[in-house]
Amino acid sequence: MDKHCLWSMEYFVEQSKVWFIDFHTNDLYGLDLVSGQLEWITCYPAEGSQFKSHPLCVKWQNDIFAIPDFGEKIWIYHMETGEFSKIPIGKRRGKRYGSRNPIVEGDDIWIPVCGQLDIQESRRILHINARTHQYEWSGSITENGLCLETVYNDGYIYLASSETNIVYVFDTRRSMCESYCIEELGQGIETVCSTETELWFSDHTGKLACWDMGSKKITKTVILPFASALVDRGKVEVPFLQSRYVKGKVCYIPAYTNPLKLQEAIIFDPDSLSFQTVPIFNLEDVNGNYVLVEFVTDDGKIGIWMEKGNRILLLDIEQGQVEGKKQILSKEDRSFLWLRTRPVSMESSEWTLSGFLDAIGDKRLLCGRKEDCKDSTGAAIYKAVCL
């Protein structure tokens with residue numbers, strides 16, 4: 001378990017605690033950002049393969065909604081009762097939903113479905129009433145791929161095409177969508193983030209453009225000062241796929257491709273149009289690594305998951321500092337997850353007798369759903385020894 005990287009597409013922030021689902025195993029975790037303590041909560045029902053079944057979650061009151069990528073249902077874990085319910089939302093013609101950046105506003109959950117880039121399929125928005133579990137789909141927004149980031153601002157969801165320079169504005173009140181061409185950018189918008197009144201876009205060449213949400217026009221453009229360094233023999237390497245607006249600054253995080261193209265985050269001041277850099281990765285972390293921006297805390301720190309070391313980096317823009325947070329499981333949770341994910345062998349050096357006896361006495365092994373473990377060796381031993 002110690003070698004397993006807990007990987008999720010996005011964390012849900014609740015004050016100093018974040019919630020996420022490991023998309024390898026469908027396990028739900030809570031992480032305390034102050035102590036670094038990681039708590040295993042439950043395992044969601046799997047639909048076929050567990051991998052990326054439900055890699056996103058949002059919390060509404062005491063319910064945690066698991067949002068599918070390869071799955072076909074919204075699963076809801078009711079924390080007060082420990083029970084599950086589900087909302088079947090149907091199959092996709094393609095393989096994936098590609099959902100990103102879910103939005104919780106009152107009783108409403110809005111889920112942009114960005115789809116799989118290489119499949120021509122309707123990109124739509126799923127609306128769920130968290131209280132009644134009723135849902136509805138919007139009409140088709142586009143058949144082309146959408147960039148990874150979507151933005152919610154004052155009742156509107158802003159989406160951008162990763163293949164063309166089109167911006168889509170979805171009105172959540174009227175369930176209607178309008179589109180606008182950003183001619184000032186090259187083909188394909190890579191990132192989108194919003195200030196109070198503006199959207200900032202970046203394209204694959206390192207060019208930034210500011211779009212006023214009121215006038216729906218570009219008001220200024222900027223070229224990143226190092227953009228020319230990203231071009232090698234005519235091929236442009238995508239510098240960023242994720243951006244966040246925090247405390248009056250726009251922060252661009254290096255693209256999470258392997259190897260990473262940059263070691264620094266770029267802090268952009270939209271008022272003065274000036275740039276500064278904050279080193280976030282050491283040279284040894286560039287290769288064999290993978291990073292994702294997961295959340296922004298209430299006090300304005302950007303949470304970045306790094307595969308190397310299986311940890312969260314908290315980027316403080318104001319101080320220009322990065323703090324590492326190791327995801328630490330309790331001894332009980334480590335033993336429990338080890339038994340759930342590995343075959344039992346008394347001859348294996350991975351097991352000690354005391355650790356094995358502790359683990360099989362854990363009543364969470366059956367996860368409240370006996371059918372999930374009916375063919376498990378661990379479950380059979382548990383029944384024989386403990387029941």
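Only a predicted model underlies this, so the values are computations on that prediction, with no experimental measurement involved.
When the side-chain hydrogen bond (donor to acceptor under 3.5 Å, both in side chains) test is applied to Trp200, no partner is found at least two apart in sequence or on another chain. Not counting sequence neighbours, the partners of Glu105 by the side-chain contact (heavy atoms from CB on, under 4.5 Å) test are Tyr152. For Lys249, the side-chain hydrogen bond (donor to acceptor under 3.5 Å, both in side chains) criterion is met by no residue, not counting sequence neighbours. The side-chain contact (heavy atoms from CB on, under 4.5 Å) check on Pro55 picks up Met9, Phe23, Asp69, with sequence neighbours excluded. Listed by chain and residue number, Glu149 satisfy the salt bridge (charged side-chain N to carboxylate O under 4.0 Å, His left out) test with Arg244 (two or more places apart in sequence, or in another chain). Taking Trp19 as the reference, Glu14 meet the side-chain hydrogen bond (donor to acceptor under 3.5 Å, both in side chains) condition, with sequence neighbours excluded. For Asn165, there are no side-chain hydrogen bond (donor to acceptor under 3.5 Å, both in side chains) partners, not counting sequence neighbours. For Asp171, the salt bridge (charged side-chain N to carboxylate O under 4.0 Å, His left out) test picks out Arg174, with sequence neighbours left out. Residues passing the side-chain contact (heavy atoms from CB on, under 4.5 Å) test with Asp298 are Val13, Gln15, sequence neighbours excluded.
Taking the six-membered ring for Trp and thresholds of 30 and 60 degrees, His127 and Trp110 have nearly parallel ring planes, at less than 30 degrees apart.
Remark: Lys216 NZ is packed, more than 12 non-hydrogen atoms of other residues, nucleotides or ligands lying under 6.0 Å away.
One finds no salt bridge joining Asp32 and Lys325 here, because no Lys/Arg side-chain nitrogen approaches an Asp/Glu carboxylate oxygen to under 4.0 Å.
Other residues sharing a hydrophobic cluster with Val167 under the 4.5 Å side-chain heavy-atom criterion for ILVMFWY residues are Val151, Tyr156, Tyr158, Val169, Tyr180, Ile182, Leu185, Ile189, Val192, Leu199, Phe201, Trp211, Met213, Ile218.
Side chain to side chain, Asp22 and Trp7 fail the donor-acceptor criterion of an N or O pair below 3.5 Å. With hydrogens and angles left out, the side-chain atoms of Ser175 and Ser138 include no donor and acceptor closer than 3.5 Å.
Sorted by first then second residue, the ring pair (Phe, Tyr, Trp, His ring centres under 6.0 Å) pairs that include residues 160-179, not counting sequence neighbours, number zero.
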Name each donor-acceptor pair under 3.5 Å that joins a side chain in residues 312-321 to protein atoms two or more places apart or in another chain, with its distance.
from, atom 1, to, atom 2, distance (Å)
Asp316, OD1, Glu318, N, 3.1
Asp316, OD1, Gln319, N, 3.1
Glu318, OE1, Lys247, NZ, 3.1

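Between the side chain of His54 and the backbone N or O of Lys73 there is at least one donor-acceptor pair closer than 3.5 Å.
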